[in-house]
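First comes the structure, then the notes that go with it.
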Protein chains: 2
Amino acid sequence: MAATPLFRRIDVAPAYQKVADAIEREIINGRIKPGEPIGTEQQLVAQFGVNRSTVREGIRVLEEGGLIRRDSSRRLQACLPRYNKLATRLSRALILHEVTFRELFETSMTLEVASVEGAVERATDENIAELAGNLERSADVVGNPAGLAELDAEFHVLMAKASQNRVLQLAREPAAQLFFPTTEMIVGGVPEGGARLVEAHGHILDAIRRRDKEAGVLWTRRHLQDWRRGFEKIASLDRSVEHTYMEHAYAARQ
Amino acid sequence: MAATPLFRRIDVAPAYQKVADAIEREIINGRIKPGEPIGTEQQLVAQFGVNRSTVREGIRVLEEGGLIRRDSSRRLQACLPRYNKLATRLSRALILHEVTFRELFETSMTLEVASVEGAVERATDENIAELAGNLERSADVVGNPAGLAELDAEFHVLMAKASQNRVLQLAREPAAQLFFPTTEMIVGGVPEGGARLVEAHGHILDAIRRRDKEAGVLWTRRHLQDWRRGFEKIASLDRSVEHTYMEHAYAARQ
DNA sequence: AAATCTAGCTTTGTCGGACAAGCCGATAAG
DNA sequence: CTTATCGGCTTGTCCGACAAAGCTAGATTT
């Protein structure tokens, strides 16, 4: 249709962006493997032929993207982006978009059920041991909402891990980071809330052990419905996740 | 337990990081609203009392995180992070973690089914019109794998949008960005593949129109199972998503 | 000879200053 | 009233410099 273009599209990107892109490309396509050094700033200056300030701006971009990090001696190296850090950025985005708890709940229900299904199918002995360890510790702090909330979040992370599906692990993380901090308020506000939570976890773990998918899904749903009922005693599901949430997201960031 | 600490923990973070954190905090907790200007670099230099190079490094961090952007005249302003951009980073991470197509497929199945359920429940007339428009265009290019693949990806984005659940929209995006680029290969490799795809979309849209959740889920599952069968003719599901994929992720980035 | 220490080199984080290019608003010209 | 020009401001980039912290290798001690 269109005539053969005489000129190639002119590439107008700031130099720091080009530096970042160049390094990124090498990492993504595998020419630089995670853990391998990138070189010193001085070397990059020499290779790219730009000023050190420019290189440093490019480096900051990649660092924030999780593609490179500085080791103990502050030298640059490629690395595998941690889900957790990226998920924090997403959680932040969700806050700014003022998503509602209903959206959060609905999506978490979907993803947690998927997690438990995967866990029932594929959990290893080690996964089960981790979950059992978590459950045991939970039983110890059943009267302590803050401690229990933390262990609840961990239980669900371990469940996602047991599903052996890393895409699922990643997908659930942003919602979970916003969802689970509420657990503390809810467990504290409902009598027998802590006991019900631990009981549900127990049934879920049991279902995973017996490879009983139906039971696993059933108890996971009940567990989340409990959360929902508890939440609705405090606030409307249609309330949006607010800025005050930020602190939780921040505490979890490091 | 611990004695009251005499000193507060000393905060040893590089200055550029502190600059980024300070601005980030103002945005996240809402004191600076999306669209509002941050100020010029010179002003930030004055406010923070650090060098412009330092400020600029901090700005790069936030820019990459999607929290601030530069308007037409390159002045800084806060903004709402675009899902799309963040999702690209996650897709990148998934590639580096060498996730398998099986993981991708399983998670996408979960999320697309959830999308269609939401869409059946809550799609507006406008959503339906958009989907119908997409379907019409799809019918026109049924013999063109590349064009059809693009419209397929769009169809699923529209479906997620129709679910009115932004958390779900966000959660499905990273997997989708890696999942749907394969459609082109698959549609091209299977006779009648294009026709089956358009047929499935038609049934899904019809189900959304009739608010028939069961049919919507059924046809979504079939649609994805078609993808799976097509993929397995070409390669094993246990193959990991490779670096060559990068190009697609890149093309979609801007 | 092995372990330790110390001095020097390297690298990063930060600073100050500089300049070209692009955008903006104001002013001058038609 | 529109157009053209002119400064001023801002950004992107560059240069050079320096303190602090890490690393290296030679010098010193046991």
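In what follows, every heavy atom counts, from backbone to side chain, and hydrogens, waters and symmetry copies are set aside. All chains are named by letter (A, B, ...) in the order of the sequence lines, taking the proteins before the strands, and each is independently numbered beginning at 1.
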Taking the side chain of B:E41 as its heavy atoms from C-beta onward, which of D:dT13, D:dG12, C:dT14 lies nearest to it? D:dG12
Under a 3.5 Å cutoff, is there a donor and acceptor pairing between the side chains of A:R75 and A:S73? yes
Between A:T54 and A:E57, do the side chains contain an N or O donor and an N or O acceptor separated by less than 3.5 Å? no
Using only heavy-atom distances, decide whether a donor-acceptor pair under 3.5 angstrom links the side-chain of B:R52 to the base of D:dG12. yes
Without decimals, in angstroms, what is the distance between A:I59 CD1 and C:dT11 C1'? 11 Å
Give a yes/no on whether any side-chain N or O of A:S53 is located under 4.0 angstrom from OP1 or OP2 of D:dG12. no
Between C:dG22, C:dG13, D:dT13, which one does the side chain of B:R74 approach most closely? C:dG22
Mapping B:T40 and A:T54 to their closest nucleotides on DNA chain D, which lands nearer the 5' end? B:T40
Going by atom types alone, do A:N51 and A:S53 pair a side-chain donor with an acceptor below 3.5 Å? yes
Given C:dT14, is OP1 or OP2 found less than 4.0 Å from the side-chain N or O atoms of B:N51? no
Does B:R60 come within less than 4.0 Å of B:E63, counting only side-chain N to carboxylate O? yes
B:K18 has an atom NZ; how far is it from atom P of C:dT14, in whole Å? 9 Å
Separation of D:dA20 C1' from A:R70 CZ (nearest whole Å): 15 Å
Rounded to whole Å, CD of B:Q17 lies from P of C:dT12 at a distance of 17 Å
Nucleotide nearest B:V50 (side chain, heavy atoms from C-beta), chosen from D:dT11, C:dC15, C:dT12: C:dC15
For D:dT11, does OP1 or OP2 lie under 4.0 Å from any side-chain N or O of B:R75? no
The side chain of A:Y16 lies closest to which of these nucleotides: C:dT14, D:dG22, D:dT13? D:dT13
Rounded off to whole Å, could you give me the CD-to-C1' distance for the B:Q42 and C:dG16 pair? 12 Å
The single option from A:V61, A:N29, A:L67, A:V19 that satisfies side chain to side chain contact (heavy atoms under 4.5 Å, CB included) with A:E24 is A:L67
Roughly, in whole Å, what's the span from CG in A:D71 to P in D:dA21? 17 Å
Determine: side-chain N/O of B:R56 to OP1/OP2 of D:dG12, distance under 4.0 Å, yes or no. yes
Value in whole Å for how far the P atom of D:dC9 lies from CD of B:Q43: 12 Å
In this structure, how many angstroms lie between the P atom of D:dC14 and the CZ atom of A:F48, rounded? 13 Å
